[in-house]
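Below is one structure, written out as structure tokens; the observations come after it.
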Amino acid sequence: QVQLVESGGGLVQAGGSLRLSCAVSGRTFSVYTMGWFRQAPGKEREFVAAISWSGGSTDYPDSVQGRFTISRDNVKNWVYLQMNSLKPEDTAIYYCAADTVKETYFSGSYYDTSYDCWGQGTQVTVSS
């Protein structure tokens, strides 16, 4: 089992920055791709970022490309999401996700069904 706990959410003005953190515990040696997703009220969960086990490969959708950066520390078992130039439309609950069965290798990192472990989420609110 892998446990994920997010932190770092909060209220920020448009144009500001936040850094989300995800603490990974348990069977950390079984974690492959890590991802961040978000879900706004009344909307479906949306892919935000993914990073490979080594950290050498990252993916982002166009909506956050150039503004968000995902990184990971496999020694300390943390995953981070640096969010810059935040917009009101970035307001959502942000979830950390882990793939422990290599599903992302076959199905891709963009799909929430490729991840089998999830955190409880952290709220990010961007005011205009």
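Numbering starts at 1 and runs along the sequence shown. Quick caveat, the model's predicted, so the values are computed rather than measured.
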Shortest non-hydrogen contact between [X] and [Y], atoms and distance:
X	Y	value
Pro88	Ala14	CD-CB, 4.1 Å
Cys96	Leu4	O-CD1, 3.5 Å
Ser17	Gln82	CB-NE2, 4.0 Å
Leu11	Ser127	CD1-CB, 4.3 Å
Asp99	Tyr115	N-CD2, 3.8 Å

Are the side chain of [X] and the backbone of [Y] linked by a donor-acceptor contact shorter than 3.5 Å?
X	Y	value
Arg72	Thr33	no
Ser114	Ser109	no
Asp116	Thr100	yes
Glu6	Cys22	no
Tyr60	Arg67	no

Legend entry - Greater than 12 external heavy atoms within 6.0 Å of Trp53's CH2: no

Legend entry - Full working for side chain to side chain contact (heavy atoms under 4.5 Å, CB included) between Trp36 and Val79: CA-CA 9 Å; Trp36 285 95; Val79 179; 3.6 Å; yes

Legend entry - Phe68 side chain reached by Leu86 side chain, heavy atoms, under 4.5 Å: yes

Inset, instruction - Flag the pair Ser63 / Glu89 as yes when at least one side-chain heavy-atom distance between them is below 4.5 Å, and no otherwise. - result: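 No, side chains not in contact.
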
Inset, instruction - Check each of Ile93, Leu18, Thr91 against Thr125 using the side-chain contact (heavy atoms from CB on, under 4.5 Å) test, and report the only one that passes. - result: Thr91

Legend entry - Whether Phe47 and Phe37 hold their rings parallel, tilted or perpendicular, with breakpoints at 30° and 60°: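 If you compare the ring of Phe47 with that of Phe37, the planes turn out perpendicular.
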
Inset, instruction - Could you label the plane-to-plane angle of the Trp78 and Tyr80 rings as parallel, tilted or perpendicular, counting under 30° as parallel and over 60° as perpendicular? - result: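 Parallel: the ring planes of Trp78 and Tyr80 meet at under 30°.
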
Rounded to the nearest 0.5 Å, how far apart are [atom1] of [X] and [atom2] of [Y]?
X	Y	atom1	atom2	value
Asp112	Ser107	CG	OG	11.5 Å
Asn74	Ser54	CG	OG	8.5 Å
Met34	Ile51	CE	CD1	9.5 Å
Arg19	Leu81	CZ	CG	10.0 Å
Asp73	Ser71	CG	OG	8.5 Å

Legend entry - ILVMFWY clustering at 4.5 Å (side-chain atoms), partners of Tyr105: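 Tyr32, Phe106, which link up through side-chain heavy atoms under 4.5 Å apart, make up the rest of the cluster.
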
